[in-house]
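Here the structure is laid out as structure tokens; the discussion comes afterwards.
Residue numbering restarts at 1 for every chain, and letters A, B, ... go by the order of the sequence lines.
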Protein chains: 2
Amino acid sequence: MKHGSITALTRALIEIAWFFGPKGASGRCCEDLAMPEFLALVTIADLPDCPVQEIGAALGFTKSGATRIVDRLERKGYVTRVKSPDDARVCCVVITPRGRNILETTDARYQESLKAVLARLPGEETPAVRKMITMLARAMRS
Amino acid sequence: MKHGSITALTRALIEIAWFFGPKGASGRCCEDLAMPEFLALVTIADLPDCPVQEIGAALGFTKSGATRIVDRLERKGYVTRVKSPDDARVCCVVITPRGRNILETTDARYQESLKAVLARLPGEETPAVRKMITMLARAMRS
DNA sequence: GAAAAAAGGTTGACGGCGTCAACCTTTTGC
DNA sequence: GCAAAAGGTTGACGCCGTCAACCTTTTTTC
């Protein structure tokens with residue numbers, strides 16, 4: 001099943017990752033959010049009072065990497081740091097309304113770009129592809 | 001269809017991109033190849049006598065970015081630069097046997113990790129998922 | 001209950017990465 | 001032939017995540 005230098009399946013996987021992921025290291029998801037920043041913001045949004053290290057763990061970064069990401073998100077006004085009342089060492093990272101807002105915008109943008117791709121497929125396939133995407137992601141998580 | 005801060009579909013897409021793409025900016029595909037380097041190497045392998053800028057165009061980099069990628073690939077011994085006989089300005093980038101080799105290794109690794117994910121799905125879905133992946137990639141290209 | 005160990009977080013130095021602008025060389029167009 | 005254009009490289013730059021060292025606040029241990 002090889003037509004070029006690598007398998008069609010590998011190539012497809014990588015192209016998908018490239019298309020929907022960061023195009024290049026400094027690829028932007030949206031105006032001023034890099035891919036890891038966006039991922040971090042999603043994590044923060046879904047984990048109430050999320051400690052800094054949690055973010056690093058979720059994304060596969062070290063704790064100092066996590067600090068840096070939170071720094072940038074805070075500087076841009078998408079999150080705030082709040083000292084935990086239970087443990088004074090812990091910084092609870094909380095999403096701001098502005099953060100929620102950009103999450104929505106970006107979500108819409110992703111939907112849009114997937115829709116544009118799906119429009120190029122035979123119409124009856126669309127629901128199956130959507131289902132497959134969520135199924136694949138679920139399998140990855142477990 | 002929202003359970004958390006973003007749509008399940010968007011989340012799935014991004015997770016797939018993250019899983020199969022560069023985990024973080026400096027994510028490695030394999031030993032000493034970053035994601036953009038791997039992509040570039042695939043491009044070079046499939047385009048005989050590939051000019052430097054072609055690589056930039058294929059990946060969405062500037063021409064100086066392309067130069068830098070080729071620099072790194074050359075330093076690692078995966079490609080060589082050859083002056084074009086037709087146009088002395090052009091550098092034909094050519095993959096080395098060592099380059100072909102790592103491409104194969106990485107290909108195998110990708111197949112492996114996809115297989116591992118698919119193993120967690122109901123068995124009868126596997127071929128459909130494989131088909132969908134290549135279909136989706138094809139739709140993205142066109 | 002105090003000292004030691006551990007855990008959360010931050011910071012400085014560092015190296016990797018892609019861009020921009022300036023530059024050199026070679027080709028093309030008139 | 002000479003100016004403009006095109007391929008490619010380079011230096012300065014800023015962004016990014018890591019490592020190691022560090023500070024502060026728990027938790028453990030005796």
Side-chain angles (χ1 to χ4, degrees), chain A residues 18 21-41 43-44 47 49-76 78-94, chain B residues 18 21-41 43-44 47 49-76 78-94:
Chain A
W18 196 246
K23 317 247 187 319
S26 46
R28 304 271 97 122
C29 288
C30 40
E31 293 322 308
D32 63 350
L33 229 41
M35 183 81 173
E37 281 163 29
F38 177 69
L39 263 307
L41 197 53
T43 307
I44 293 162
L47 260 73
D49 292 336
C50 176
V52 171
Q53 305 210 38
E54 205 84 0
I55 298 158
L59 289 143
F61 288 153
T62 62
K63 58 180 185 168
S64 62
T67 294
R68 301 252 131 103
I69 287 208
V70 173
D71 283 348
R72 273 175 275 148
L73 287 176
E74 193 169 30
R75 206 178 311 131
K76 292 172 189 169
Y78 298 133
V79 304
T80 39
R81 279 175 164 98
V82 181
K83 275 258 177 249
S84 165
D86 305 334
D87 185 333
R89 292 171 304 179
V90 176
C91 254
C92 300
V93 183
V94 181
Chain B
W18 196 245
K23 316 245 188 321
S26 48
R28 303 270 97 120
C29 288
C30 40
E31 294 322 308
D32 62 350
L33 229 40
M35 184 83 172
E37 281 163 31
F38 178 68
L39 263 306
L41 197 53
T43 308
I44 292 162
L47 260 73
D49 291 337
C50 176
V52 170
Q53 304 211 38
E54 204 84 1
I55 298 158
L59 289 138
F61 288 152
T62 61
K63 60 180 184 168
S64 62
T67 294
R68 301 253 132 102
I69 287 208
V70 174
D71 282 348
R72 273 175 276 148
L73 288 175
E74 192 169 31
R75 206 177 312 130
K76 292 173 188 169
Y78 298 133
V79 304
T80 39
R81 281 175 163 96
V82 182
K83 276 257 176 250
S84 166
D86 305 334
D87 185 335
R89 291 171 304 179
V90 176
C91 254
C92 299
V93 183
V94 181

Quick one: CG on A:L33 to CZ on A:F38, what's the gap to the nearest 0.5 Å?
7.5 Å

Gap between atoms NZ and P, on B:K63 and D:dA5 respectively (whole Å)
13 Å

Can you check the B:D86 CG to C:dT27 C1' distance for me, whole Å?
13 Å

Considering only C:dT27, D:dT26, C:dC17, which nucleotide approaches the side chain of A:D87 most closely?
D:dT26

Is any side-chain N or O of A:R68 under 3.5 Å from a base N or O of D:dT18, one able to act as donor and the other as acceptor?
yes

In whole angstrom, what separates A:D71's CG from C:dT11's C1'?
10 Å

Of A:R75 and B:V90, the one whose nearest nucleotide on DNA chain D sits closer to the 5' end is B:V90

Rounded to whole angstroms, how far apart are CD1 on A:I55 and P on D:dT18?
14 Å

Side-chain contact test, heavy atoms from C-beta onward, threshold under 4.5 Å: evaluate it for A:R81 versus A:D71 and give yes or no.
yes

Atom CD1 of A:I69 and atom P of D:dT18 are separated, to the nearest Å, by 9 Å

From CZ of B:F61 over to P of D:dT9, roughly how many Å is that when rounded to an integer?
16 Å

Among C:dC20, C:dC17, D:dG8, find the nucleotide with the atom closest to the side chain of B:T62.
C:dC20

The reported gap from NZ in A:K63 to CD1 in A:I55 (rounded to nearest 0.5 angstrom) is 14.5 Å

Reading DNA chain C from 5' onward, which residue's closest nucleotide shows up sooner: B:A66 or A:Q53?
A:Q53

Side chain to side chain contact (heavy atoms under 4.5 Å, CB included) with A:V94: of A:L47, A:D49, A:I44, A:V79, only one passes, and it is A:D49

Taken to the nearest whole Å, CD/A:E37 to P/D:dG17 is 7 Å

Roughly how many Å is it from NZ in A:K83 to P in C:dG8, rounded to a whole number?
13 Å

Can you identify which nucleotide, out of D:dT25, D:dA5, C:dC20, has its nearest atom closest to the B:R89 side chain?
D:dA5

From A:K76 NZ over to A:L41 CG, what is the distance, rounded to the nearest 0.5 angstrom?
10.5 Å

